[in-house]
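Below is one structure, written out as structure tokens; comments come after it.
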Amino acid sequence: SLNAVPEMIWVKRRDTTGQWIVGHIGLDGGTAPWTHYLTLETADAEGDYPLFYDTAPTSTYFTVGGHAEVNGNTNKFITMLFSSVAGISKCGYYTGTGSDHTITVGFEPRLVIIKKINSASNSDWVLFDSLRGIGSGNDPILELNQSAAQDNFDVMDKTSTAFTILGSFSKGNATGDKYIYYAHA
């Protein structure tokens, strides 16, 4: 019922321990993204394994491989699908510049999730939201893969159509590093 091709997929086993497996259109530089994966609870770099059966999703189905993390025999799973919807949400990717870097999404973002994918160094899943204050000077940052309290740094601004990562915030804009994101209005 998504009525669109998923651009980000989260899969989690519900009845036994396991990781959140993440697929995203920006993995593998956007070239063959569904051959790669991330794990939501780690800062690990992207891995190359056929968890999504090396097959791009369509508007009616997505494919998983035989690995227990995404397709264990008799296990139960929850899956969350994300896609870009004009004016509402955007899945994308970019290369860090080390200086103020604006990512145009076509709406004023109220939620932004960013993950560095090419290295495990300074590559937590960082979440910004307008309720806690994007662009208010000292931006509250939650790290989805950490249990620590939020940090506060001035690293993001937003406009009516974009978000800007300020300076060389290593978890969101280090020179030459690769990042994926999800933004929501």
Side-chain angles (χ1 to χ4, degrees), residues 1-85 88-96 103 105 109 111-129 141-151 170-172 174 176-184:
S1 298
L2 190 60
N3 295 322
V5 175
E7 296 170 314
M8 181 167 64
I9 300 173
W10 295 1
V11 179
K12 172 75 168 104
R13 287 191 287 187
R14 295 185 302 126
D15 55 352
T16 187
T17 58
Q19 296 181 311
W20 282 93
I21 301 300
V22 178
H24 190 284
I25 60 165
L27 298 179
D28 191 36
T31 304
W34 302 101
T35 64
H36 288 66
Y37 73 96
L38 293 164
T39 52
L40 190 59
E41 62 278 277
T42 73
D44 294 347
E46 66 181 333
D48 183 352
Y49 195 81
L51 293 172
F52 293 98
Y53 206 63
D54 293 350
T55 303
T58 71
S59 62
T60 55
Y61 67 89
F62 67 93
T63 306
V64 292
H67 195 280
E69 293 289 358
V70 293
N71 193 15
N73 188 25
T74 72
N75 291 131
K76 295 178 179 159
F77 296 86
I78 184 170
T79 302
M80 297 179 192
L81 307 174
F82 303 81
S83 68
S84 297
V85 177
I88 297 174
S89 60
K90 178 78 174 163
C91 292
Y93 54 100
Y94 62 93
T95 300
I103 310 298
V105 294
L111 171 79
V112 178
I113 300 171
I114 299 172
K115 169 75 169 89
K116 181 175 18 172
I117 63 172
N118 61 301
S119 164
S121 174
N122 289 316
S123 60
D124 294 306
W125 290 85
V126 292
L127 180 143
F128 303 87
D129 65 85
I141 303 165
L142 286 175
E143 297 166 331
L144 298 178
N145 58 298
Q146 300 290 338
S147 61
Q150 73 183 23
D151 283 327
S170 63
K171 294 180 183 182
D177 280 334
K178 307 296 183 189
Y179 299 88
I180 61 168
Y181 70 88
Y182 174 73
H184 198 85

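Counting heavy atoms from C-beta on, the side chains of I141 and Q150 never come closer than 4.5 Å. Using a 4.5 Å heavy-atom cutoff, the side chains of K171 and I114 are not in contact.
For the pair I25 and Y93, the tightest heavy-atom approach, listed with the atom from each and the gap, is O-CE2, 3.8 Å. Contact detail for A45 and S119: the closest heavy-atom pair is CB-N, 3.6 Å. The shortest non-hydrogen separation linking P109 to A183 is CB-CB, 4.3 Å. Pairing each heavy atom of V22 with each of F52, the nearest pair is C-CE1, 3.9 Å. Summarising the geometry of G26 relative to P33, their closest heavy-atom pair is N-CB, 4.5 Å, with the distance given to 0.1 Å.
Residue pairs meeting the side-chain hydrogen bond (donor to acceptor under 3.5 Å, both in side chains) criterion with at least one partner in residues 12-25, sequence neighbours excluded, are D15-N75. Applying the side-chain hydrogen bond (donor to acceptor under 3.5 Å, both in side chains) test to pairs two or more places apart or on separate chains, those with a residue in residues 31-46 are T39-T42, T42-D44. Screening residues 16-39 for salt bridge (charged side-chain N to carboxylate O under 4.0 Å, His left out), with sequence neighbours left out, gives no hits. Among residue pairs with one or both ends in residues 112-121, those qualifying as salt bridge (charged side-chain N to carboxylate O under 4.0 Å, His left out) are K116-D177; sequence neighbours excluded. Among residue pairs with one or both ends in residues 16-27, none qualify as salt bridge (charged side-chain N to carboxylate O under 4.0 Å, His left out); sequence neighbours excluded.
Remark: Y181 engages F163 in a ring pair (Phe, Tyr, Trp, His ring centres under 6.0 Å) (not counting sequence neighbours). Here F62 pairs with nothing under the ring pair (Phe, Tyr, Trp, His ring centres under 6.0 Å) rule; sequence neighbours left out. Looking at residues two or more places apart in sequence or on another chain, you find a ring pair (Phe, Tyr, Trp, His ring centres under 6.0 Å) between Y94 and H101, Y179. Remark: T60 pairs with T58 by the side-chain hydrogen bond (donor to acceptor under 3.5 Å, both in side chains) rule, at least two apart or across chains. Every side-chain contact (heavy atoms from CB on, under 4.5 Å) that I88 has, sequence neighbours left out, goes to V85, H184. With sequence neighbours excluded, the residues forming a ring pair (Phe, Tyr, Trp, His ring centres under 6.0 Å) with Y49 are H67, listed by chain and number. Shown here are the side-chain contact (heavy atoms from CB on, under 4.5 Å) partners of T63, two or more places apart in sequence or in another chain: Y53, T55, Y61.
L27 contributes atom CG, which lies 5.0 Å from atom CD1 of I117 (distance to the nearest 0.5 angstrom). From Y182, atom OH reaches atom OG of S83 across 7.5 Å, with rounding to the nearest 0.5 Å. Distance CG/L142 to CD1/I113: 10.5 Å, rounded to 0.5 Å.
In this structure, the side chain of S59 does not engage the main chain of N3 through any donor-acceptor pair within 3.5 Å. A donor-acceptor distance shorter than 3.5 angstrom exists from the side chain of S123 to the backbone of A43, with no hydrogens or angles considered. Within the 3.5 Å criterion, the main-chain N or O of A148 finds no donor-acceptor partner in the side chain of E143. Proximity of a side-chain donor or acceptor of N145 to a complementary backbone N or O of D124 within less than 3.5 Å is not detected.
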Practice problem: Begin from the C-alpha positions of I180 and L38 and carry the test side chain to side chain contact (heavy atoms under 4.5 Å, CB included) through to its verdict. | Solution: CA-CA 11 Å; I180 61 168; L38 293 164; 3.6 Å; yes
